[in-house]
Amino acid sequence: MSDEHKPDDTSATGARNFIEEIIDEDLKTGRFSHPIVTRFPPEPNGYLHIGHAKSICLNFGIAQKYGGRCHLRFDDTNPTKEGIEFVEAIKNDVRWLGFDWGEHEYYASDYFEQLYEWAIQLIKAGKAYVCDLSYEQMREYRGTPTTPGKNSPYRERSVEENLDLFRRMRAGEFPDGSRTLRAKIDMAHPNFNMRDPVMYRILHAKHHRTGDAWCIYPTYDFAHGQSDSIEKITHSICTLEFENHRPLYDWFLDALGIHHPRQIEFARLNLNYTVMSKRRLTELVEGNYVDGWDDPRLPTIAGLRRRGYPPEAIRHFCERIGVAKFDGVIEMALLEFCVREFLNKHAPRVMGILRPLRLVIDNYPEGQVEELEAINNPEDESMGTRLLPFSRVLYIEQTDFQIDPPPKYFRLAPGREVRLRYGYYVTCTDFVRDERTGEVTEIHCRYDPATRGGMSPDGRKVKGTIHWVSANHALPAEVRLYDYLFSKADPDDVEEGKDYKSNLNPNSLVRLTNCFVEPSLAGTPPGSRFQFERLGYFCTDPDSTPERLVFNRTVSLVDTWAKIEKKLQAGQR
Ligand code: ATP
Ligand code: MG
């Protein structure tokens with residue numbers, strides 16, 4: 001983590017980040033007279049991910065802070081890769097994150113006619129021309145970072161000829177790729193983006209909104225700044241890769257003489273142990289490396305939601321990392337920390353058994369059932385209590401019993417006494433083994449009726465407390481345990497000739513199909529979040545049915561961030 005990426009929690013201190021400082025300055029000097037207007041401009045060619053969440057929180061957050069508004073604009077200029085499925089998913093995700101764009105939903109495609117007219121205006125001003133070079137030729141003419149490019153032989157076409165050709169491009173007279181409209185700027189400009197960039201390309205493709213109305217489409221570079229201008233955006237906040245597009249956007253806006261937003265760049269959010277490029281996410285989904293866009297291992301918003309990440313925790317994470325001016329990589333452990341912190345306060349505690357082991361209490365009356373009171377959340381008394389059925393046969397975790405316990409193992413072992421959470425003290429008297437495999441299949445205990453509620457009247461201490469469910473009352477469940485999608489912090493750290501996919505973690509999903517949970521979880525709707533005591537936070541999956549519950553592990557209880565933070569602090573001293 002670079003210095004610029006230290007979590008800078010400006011929210012807590014009320015300090016301004018650099019973007020807010022710029023806006024404050026603009027307000028002071030009166031550069032913009034209307035309210036602050038920002039926008040979140042996704043291209044509907046994939047699902048949103050946690051990096052987009054960062055941009056969403058930033059743009060909507062600034063609008064909220066300054067009493068302005070934030071637009072949701074679909075930058076839909078590339079019909080071959082975009083679609084309505086993505087538009088709907090994006091809207092759903094932004095709403096789920098807790099933001100509302102009200103009536104301000106826009107599409108770059110709604111501006112196609114205006115953009116076309118502006119292109120005509122630039123042609124008439126001698127600032128744009130139709131070029132017949134192929135894409136390969138254009139690349140050759142473009143030059144290199146150290147050598148200037150060459151002018152296109154079509155650069156000096158007359159305004160009349162350009163107008164005629166451009167109109168015929170629109171009319172569909174020419175095949176894909178045969179001509180482009182280019183801005184006439186400077187083929188020797190040190191910034192590549194200024195070397196006569198393409199404004200329009202021919203593409204006979206159906207658009208998800210405009211249908212067959214167009215067979216020429218504006219490039220992102222020609223559409224983006226003008227879309228901002230049309231919407232009277234005051235602050236166009238984007239990621240660093242657009243910094244060297246800014247002179248081009250400025251050039252277009254100045255040449256057209258229209259409203260000029262201020263563009264501010266910030267560093268993209270990168271997280272370790274995952275990938276965030278849309279191209280890669282698409283590859284993982286389409287290549288079935290994961291199970292759809294909402295696979296809980298993906299950093300997509302849909303995946304995080306399915307995994308059980310609360311929107312509040314995602315928003316808090318985005319605030320906590322702040323905005324930076326230089327690229328860096330944030331620890332996934334910090335995101336998990338934010339999730340844990342939120343769930344600790346808000347998620348009800350329940351008991352679930354992932355790998356069941358039968359425990360029979362030999363001296364507990366057969367057929368008897370008691371209702372024991374359990375606390376729903378020790379962090380929040382207002383969440384109340386519930387009753388847990390207790391009976392003669394229970395399930396406990398296999399890992400809570402050992403025949404030959406190592407030192408410092410305080411759970412069950414032959415002759416050992418432990419506390420059953422909210423229940424009784426039990427002492428292990430015997431165990432049964434599968435003759436073939438040697439596996440322990442059942443343990444036998446005696447309970448002390450005087451220890452109801454987990455307290456001993458004679459002050460006798462036990463070192464271990466374990467969780468359990470009543471075998472007759474527990475509900476069968478499947479539990480999916482997730483780990484990082486990649487085994488390496490940097491998925492690009494690969495051997496020669498291999499790509500990031502060679503670092504996919506083969507153990508990123510473990511399905512446990514023989515689990516049991518307490519009966520209070522019957523019918524919990526997808527998205528319900530719980531702490532399974534001692535095991536972690538879990539969330540009901542959409543695959544869950546009344547007959548068969550399915551849970552995803554959201555995060556474990558182990559705080560890895562605390563360790564990393566300590567190391568970072570030590571490093572800074
Ligand atoms: P593409 O490669 O398809 O352009 P993209 O990730 O940039 O992918 P967009 O739909 O163009 O996707 O992004 C919408 C907005 O989200 C842009 O303003 C972009 O700057 C911002 N954004 C995208 N990725 C991140 C990220 N990792 N961190 C912060 N903001 C991001
Ligand atoms: Mg982009």
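The structure presented is a predicted model; accordingly, all values stated were derived computationally and were not measured. As the structure lists them, so they are numbered: ligands from 1, and atoms in each ligand from 1.
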Which atoms of ligand 1 are found less than 4.0 Å from any heavy atom of Thr239? 19 (C), 20 (O), 29 (C), 30 (N), 31 (C)
Among Arg73, Glu43, Arg279, Arg39, closest by any non-hydrogen atom to atom 11 (O) of ligand 1: Glu43
Polar atom proximity, Lys54 to ligand 1 (N or O, under 3.5 Å): no
Number the atoms of ligand 1 from 1 as they appear, then name those within less than 4.0 Å of a heavy atom of Pro41, with their elements. 14 (C), 18 (O)
Can you check whether Gln263 reaches Asp250 side chain to side chain, under 4.5 Å on heavy atoms? no
Would Phe40 count as a contact of ligand 1 if the rule is a heavy atom under 4.0 Å away? yes
Numbering as shown, the atoms of ligand 1 that approach Leu269 to under 4.0 Å (heavy-atom distance): 26 (C), 27 (N), 28 (N), 29 (C)
Strictly by modelled atom types, are Asp196 and Tyr129 linked by a side-chain donor-acceptor pair under 3.5 Å? yes
Polar atom proximity, Tyr220 to ligand 1 (N or O, under 3.5 Å): no
Taking the six-membered ring where the residue is Trp, are the ring centres of His245 and Tyr220 under 6.0 Å apart? no
What are the two closest heavy atoms between Asp291 and Arg297, and how far apart are they? N-NH2, 4.2 Å
Of Glu265, Lys278, Met276, Arg268, the residue with the heavy atom nearest atom 8 (O) of ligand 1 is Lys278
Listing, residues 280-288 side-chain donor-acceptor contacts under 3.5 Å, not counting sequence neighbours, or none:
unit_1	atom_1	unit_2	atom_2	d
Arg280	NH1	Asp492	OD1	3.4
Arg280	NH1	Asp492	OD2	3.3
Arg280	NH2	Asp492	OD1	2.8
Thr282	OG1	Lys278	O	2.6
Glu283	OE1	Tyr500	OH	2.6
Glu283	OE2	Lys501	NZ	2.8

Side-chain heavy-atom pair Arg39, Ser236 within 4.5 angstrom cut-off: yes
